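Since the structure comes first, as structure tokens, the remarks are kept for the end.
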Amino acid sequence: MAHCLVTGGAGFIGSHLTEKLLAQGHEVTVLDDLSTGARDNLRSIENHPRLHLRVGSITDPVLLADVVRGIEVIYHLAAAVGVKLVADDPVRTIETNIYPTEVLLRLAVQGGQKFFLASTSEVYGKNPKPQWTEEEDLQFGATSRPRWAYGCSKAIDEFLALAYYRKFGLKVVIGRFFNVVGPRQVGHYGMVIPRFVDQALAGGPIVVYDDGEQIRCFAHVGEVADTVMRLMDTPAAIGRVHNIGSDKPVSIRDLAAEIARRVDSRVQINFIPYGQAYGDDFEDIRRRVPDLTRLQQTLGSKPSKPLGDILDEIIAHKRAQLASGG
Ligand code: UDP
């Protein structure tokens with residue numbers, strides 16, 4: 001059993017990962033500034049004897065050096081996330097996503113920790129291919145469009161991590177997350193499923209941007225957290241990038257209809273232009289589907305929970321929250 005550090009451990013994905021690491025018998029230190037994460041995400045484990053919560057920012061290098069002492073495995077998930085947050089605050093995105101990763105990687109070289117870097121499908125930018133393998137070109141838009149700052153900053157993290165692997169033999173595993181969803185995800189930062197479910201539960205309308213023909217694949221957070229842990233236990237994953245997600249595409253229009261049908265079929269679905277949602281300098285990614293061949297080869301499996309089951313779980317979770325006044 002190892003002592004693990006999960007940066008961003010009070011966030012949506014980080015809290016699920018933390019629960020699973022504890023359940024496997026590991027000791028876990030969570031470092032989180034509780035900005036987009038929340039103490040409440042750790043409620044089910046808050047008194048766990050092997051959980052240590054450090055509230056602070058990964059942008060503080062002195063704190064980072066202190067926190068990694070005694071740690072054997074680092075899961076680096078803390079980042080500025082969400083298209084809306086990134087579009088609203090590009091300075092914070094760049095500062096949170098680049099320098100702290102470099103500091104942590106350097107500390108891991110000194111301390112000999114294994115390192116998981118949470119990256120994102122945003123690194124592919126607007127690559128027009130119907131499905132993306134890990135070796136695809138990265139195709140960002142102009143720097144005048146803040147959205148690309150997120151993918152670019154995470155691409156730099158990946159370059160850094162791979163460089164530390166090659167130069168210093170640091171054991172790094174990189175996962176590119178594709179639209180991870182599930183209980184505890186919130187809609188404030190733009191994520192589509194919690195927004196649609198909240199809108200439907202409030203009686204509608206569900207607000208779809210543009211024509212709703214955008215394509216995404218949604219993976220369950222529990223399966224994603226399991227995938228991350230298994231990759232970290234697989235020597236063949238070291239020094240490599242893996243797509244992590246579902247490869248079952250759905251249009252946003254169909255997603256809205258599916259959520260309306262499950263919550264209340266009388267809920268209306270409205271369509272508004274991107275400019276109204278994100279401002280005029282916004283560019284969306286029309287289609288985002290991972291090729292999971294590498295993940296399948298490395299682990300022998302890939303996330304496969306059906307979207308309908310995922311939606312039912314999220315809707316039930318939100319209903320329970322509403323019922324308890326949360
Ligand atoms: N979207 C939408 N309504 C919303 C939020 C998002 O129609 O309230 C669309 C958005 O334009 C995008 C898709 O849903 O095409 C997924 O958006 P999200 O921000 O969840 O993820 P990402 O764009 O990073 O894949």
Side-chain angles (χ1 to χ4, degrees), residues 11-13 36 79-90 93 97 118-128 130-132 138-141 145-155 176-182 184-202 204-221 224 243-260 263 267-290 307 310-311 314 318:
F12 160 58
I13 304 176
T36 52
V81 289
V83 167
K84 189 164 160 34
L85 180 70
V86 166
D88 289 348
D89 196 347
T93 303
N97 290 5
S119 186
T120 165
S121 54
E122 282 276 327
V123 298
Y124 295 102
K126 49 184 171 180
N127 185 312
Q131 230 173 338
W132 299 336
L138 314 187
Q139 295 189 20
F140 299 118
R145 300 186 177 240
R147 174 180 195 137
W148 307 117
Y150 178 51
C152 254
S153 66
K154 279 297 182 178
R176 288 183 183 157
F177 295 152
F178 280 70
N179 294 82
V180 182
V181 298
R184 303 208 282 261
Q185 187 175 38
V186 292
H188 325 315
Y189 311 109
M191 279 73 169
V192 67
I193 289 187
R195 291 171 75 84
F196 282 4
V197 170
D198 285 344
Q199 289 163 350
L201 289 173
I206 291 178
V207 183
V208 172
Y209 302 154
D210 202 64
D211 59 2
E213 294 302 328
Q214 308 92 303
I215 298 289
R216 294 293 186 274
C217 303
F218 296 96
H220 189 271
V221 63
V224 167
N243 287 337
I244 302 180
S246 150
D247 55 4
K248 300 279 172 296
V250 62
S251 73
I252 298 303
R253 179 189 284 267
D254 288 348
L255 175 72
E258 198 55 39
I259 291 173
V263 174
V267 163
Q268 253 201 323
I269 300 174
N270 290 353
F271 295 81
I272 64 165
Y274 284 127
Q276 220 168 304
Y278 294 122
D280 285 333
D281 55 2
F282 182 74
E283 263 184 283
D284 202 2
I285 290 154
R286 296 297 295 179
R287 181 183 172 89
R288 170 184 283 162
V289 180
L307 181 60
I310 300 176
L311 293 178
I314 294 170
K318 289 264 185 201

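Order of listing sets the numbers, starting from 1, for every ligand and every atom in it. Atoms considered below: every heavy atom in the structure, side chains included; atoms not considered: hydrogens, waters and symmetry mates. Just so you know, these numbers come straight off a predicted model, no measurement behind them.
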Test log, rule side-chain contact (heavy atoms from CB on, under 4.5 Å), inputs Arg288 and Phe178: CA-CA 8 Å; Arg288 170 184 283 162; Phe178 280 70; 3.7 Å; yes
One pair to check against side-chain contact (heavy atoms from CB on, under 4.5 Å): Cys217 and Asn179. What are the steps and the verdict? CA-CA 6 Å; Cys217 303; Asn179 294 82; over 6 Å; no
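Salt bridge annotation for Lys126-Glu283: present, with a cationic side-chain nitrogen under 4.0 angstrom from a carboxylate oxygen. The existence of a salt bridge linking Asp211 and Arg286 is confirmed by a sub-4.0 Å separation between a basic side-chain nitrogen and an acidic carboxylate oxygen.
Of the listed options Arg288, Glu213, Arg287, Arg195, Arg195 places a heavy atom closest to atom 8 (O) of ligand 1.
Listed by number with element, the atoms of ligand 1 under 4.0 Å from a non-hydrogen atom of Gln214 are 11 (O), 15 (O). Close contacts between ligand 1 and Arg147 involve ligand atoms 23 (O), 24 (O) [criterion: under 4.0 Å to a heavy atom]. Counting the atoms of ligand 1 from 1 in the order shown, those under 4.0 Å from a heavy atom of Asn179 are 21 (O), 22 (P), 25 (O). Of all atoms in ligand 1, numbered sequentially from 1 with element shown, those under 4.0 Å from a heavy atom of Met191 are 20 (O). Short contacts between ligand 1 and Tyr274, defined as distances under 4.0 Å to a heavy atom of the residue, involve ligand atoms 11 (O).
The N/O atoms of Phe196, backbone and side chain alike, include none that comes under 3.5 Å of an N/O atom in ligand 1. On a distance-only criterion, Asp284 and ligand 1 share at least one N/O pair closer than 3.5 Å. At least one N/O-N/O distance between Tyr209 and ligand 1 falls below 3.5 Å.
Side-chain N/O atoms of Trp148 and Glu122 include no donor and acceptor closer than 3.5 Å. Under 3.5 Å, the side chains of Asp284 and Tyr209 contain no donor-acceptor pair of N or O atoms.
Stacking of Arg145 on the aromatic ring of Phe140 is not recorded, the 6.0 Å distance cut-off and the 45° axial limit not both being met.
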